[in-house]
Number of protein chains: 4
Amino acid sequence: MNKNRPKYKQIIDAAVIVIAENGYHQAQVSRIAKQAGVADGTIYLYFKNKEDILISLFHEKMGYFVEKIEEEIKGIDTATQKLLVMVEKHFEILSEDRHLAIVTQLELRQSNKELRHRINDVLRGYLNLIDEIMTEGIASGEFRPDLNLRLARQTVFGTIDEIATTWVMNEQKYSLTDLAKPVHELLVGGCGKS
Amino acid sequence: MNKNRPKYKQIIDAAVIVIAENGYHQAQVSRIAKQAGVADGTIYLYFKNKEDILISLFHEKMGYFVEKIEEEIKGIDTATQKLLVMVEKHFEILSEDRHLAIVTQLELRQSNKELRHRINDVLRGYLNLIDEIMTEGIASGEFRPDLNLRLARQTVFGTIDEIATTWVMNEQKYSLTDLAKPVHELLVGGCGKS
Amino acid sequence: MNKNRPKYKQIIDAAVIVIAENGYHQAQVSRIAKQAGVADGTIYLYFKNKEDILISLFHEKMGYFVEKIEEEIKGIDTATQKLLVMVEKHFEILSEDRHLAIVTQLELRQSNKELRHRINDVLRGYLNLIDEIMTEGIASGEFRPDLNLRLARQTVFGTIDEIATTWVMNEQKYSLTDLAKPVHELLVGGCGKS
Amino acid sequence: MNKNRPKYKQIIDAAVIVIAENGYHQAQVSRIAKQAGVADGTIYLYFKNKEDILISLFHEKMGYFVEKIEEEIKGIDTATQKLLVMVEKHFEILSEDRHLAIVTQLELRQSNKELRHRINDVLRGYLNLIDEIMTEGIASGEFRPDLNLRLARQTVFGTIDEIATTWVMNEQKYSLTDLAKPVHELLVGGCGKS
DNA sequence: CATGAATGAGCATTCATTCAT
DNA sequence: AATGAATGAATGCTCATTCAT
């Protein structure tokens, strides 16, 4: 559906604002429409249903994540460095858009199982990025040769995600980007003494 | 209220089953009552309202988590070993009760922000347990002296949680307990080559 | 049912207090039982159901009204004087028991149509008293010979009742008994210039 | 809200019918909607909640009372005559709409204290009308100069209301309008012999 | 007589979606 | 394309009454 029309983006941006400011369960379609400056019915010219707004929202924003990060790590030599930049970039993007941070880390998690499964599909792209970095690191000898790729990916993602979520739940009152470096160290070196 | 009455536990167990099998939003009070073999009104002799059932559920079960794990690591000498046992025990308890796993990893996350905040309060006990182990590890020289305690805790919890959630979303079709050892290695040693 | 047992009166008095202080719709049987110092089930040893409590309450209290007033007007010579004493006594009894005033003038009116019909039956005794006075007044030549007895009775009762209700709705903050004399004058002489 | 839309009146009229025929406590919103020929949800486009329907109902109908009566007494010379016309008109309007009579005299009284207070606010307009007539009567010398205005108003209203209520409780099986003249005589001349 | 735990029917309100204009 | 009035399904909770003890 008409992804190129200006109202498509307009509605998604409205959804981010409404959800961030009122919470997932208070984000009625009529409210999103009002925020977007369109009639309720107009929403349905651009989205199949409410769920479609949320998926599209996540798709657009997560796509931006992957795109941005891919761009940044393109020229970098080592996997270790790439991992650092990824964490940095991830935290940076969230820090720059507090509404988006609230929506992706807190509110969208309240969606039902089916929606969350579909959101996971969208996450695929991001997880693949992690996989690529990890694979490269193993190949280059930076990471241990016996690394379980899936576990490593879940560790990296789970850690980044938990730290971002805690930051949002604490109302973003400390610097998230400052945490990138120590988090990276933990991921690469573990908590044990080398 | 009336925590010692048999019906208190009966209702909580019914809630776990109903939520696991039908999903959070399909877990009507009347359904829980039916599953528990009591009348709808009886629920309200033991719980203030529906939310109270869910909080109590989480409280009871997470309390069991902390209790069990504390018990198991009591006699263990090193923090590293304790961390391993914690991960093992965590995965073991989830593996033993597939309904509980679904409820805690997927369904309860759909609750509203207020309920999630109250659930987080209950989680405190578990996070404290992690803190204790990490602190002990630093003191004993097993873990790096410059470890950021909060980050380390979030790394440990985020990783365990992500791996458990992925396992549930994949319909628990592989062994979760088998992952305890490699996960522990990742947490302690990181993904980098030592 | 056991009208002579102390608990019968105990429960009725409890009902008056609970209804006056919490309102008709907040006067649950369990609350009345608690106030009376008995178990919920005990209520049903003395009353058929909740409605029966209210009817009995009204019966007892209105019986006291009729009894008291009959007693007072017994020795009085003229119907005009009797009417005055009736109004005075009516206002006096209400003034003496603010709980009772609230219950009879405001709260009990919220009962359903059926209950109100049965309450009207109880009122019969009071209305008969008015009828007697009016009839006597006509016979003695004090009142007009063409007086429509039913209308006269409704005028007297409607007036007394409205004035008492207004007084209760105004939180009883002026003297009701002071109004007896002017009300009596209005009833006997009308508002027109004689 | 939206008082000019045809559905506003449609719903109020439906409420009168449903309440009159089924009783206050059996007047579910869904029943009113059905009677009005609209969906349940439509009710809430025109009224804030159920209570708002009842208040609006009373407001509209009582407004009609005051309006009609004001209109009729405008050209009349004496306060005595105005009082007669007011009673006549009051009884006439109730006689013409038996449903409305049941609702205002019996059913709406079952509402809770808060709603009754708000209904009383609406009654103000009617009571003011009585006040004006009484004041005029005193000024013109038709009524006694020492008339207590508040008491007189309560006497007039209490009498009219009691007579109307009794008529409704007797299932409206005699002519209410026939009573206007004798009631008026009683109010003006009292029951005493002049 | 007395208890009080258990029962279960009943209802106002919200909001995603449609469709006539 | 755009509108927004209308729709109608779906559910947590209360409380009078019972009855086993």
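Letters A, B, ... are given to chains in the order of the sequence lines, protein chains preceding strands, and every chain is numbered from 1. Atom set for the values below is all heavy atoms of this structure, side chains included, hydrogens, waters and symmetry mates excluded.
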* Structure fact -> DNA chain F nearest-nucleotide lookup for C:Ser30 and B:Gln28: closer to the 5′ end is B:Gln28
* To do: Specify the residue among A:Lys50 and B:Val38 whose closest nucleotide of DNA chain E lies further upstream toward the 5′ end.
  => B:Val38
* Structure fact -> Of D:Thr42 and C:Gly37, the one whose closest nucleotide on DNA chain E sits nearer the 5' end is C:Gly37
* What stems involve DNA chain F, if each pair must be Watson-Crick or G-U and both of its distances must be under 3.5 Å, with 3 or more such pairs in a row? -> E:2-21 with F:2-21
Non-hydrogen atoms of [X] and [Y] that approach each other most closely:
X        : Y        : result
B:His25  : A:Gln110 : NE2-O, 4.3 Å
B:Asn49  : B:Tyr44  : CA-CE2, 3.8 Å
A:Leu106 : B:Arg116 : O-NH2, 3.1 Å
B:Ala15  : B:Ile53  : CB-CG2, 3.9 Å
B:Ile32  : B:Ala14  : O-CB, 3.6 Å
B:Tyr24  : B:Glu107 : N-OE1, 2.9 Å

To the nearest angstrom, how far is [X] atom [atom1] from [N] atom [atom2]?
X       : N      : atom1 : atom2 : answer
B:Lys7  : E:dT7  : NZ    : C1'   : 10 Å
D:Arg31 : E:dT13 : CZ    : C1'   : 19 Å
D:Asp40 : E:dT14 : CG    : C1'   : 12 Å
A:Asn22 : E:dC15 : CG    : P     : 12 Å
B:Ile53 : F:dG12 : CD1   : P     : 9 Å
C:Asn49 : F:dC15 : CG    : P     : 17 Å
B:Tyr46 : E:dG4  : OH    : P     : 14 Å
A:Asp52 : E:dA16 : CG    : P     : 14 Å

* To do: Scan B:Val29 against the nucleic acid and name what it touches under 4.0 Å (heavy atoms): base, sugar-phosphate only, or nothing.
  => sugar-phosphate
Show each protein N/O and nucleotides 19-21 of chain E N/O combination with a separation under 3.5 Å, one pair to a line.
none

* side-chain contact (heavy atoms from CB on, under 4.5 Å) with B:Ser111: which of B:Ile55, B:Ile119, B:Leu54? -> B:Ile119
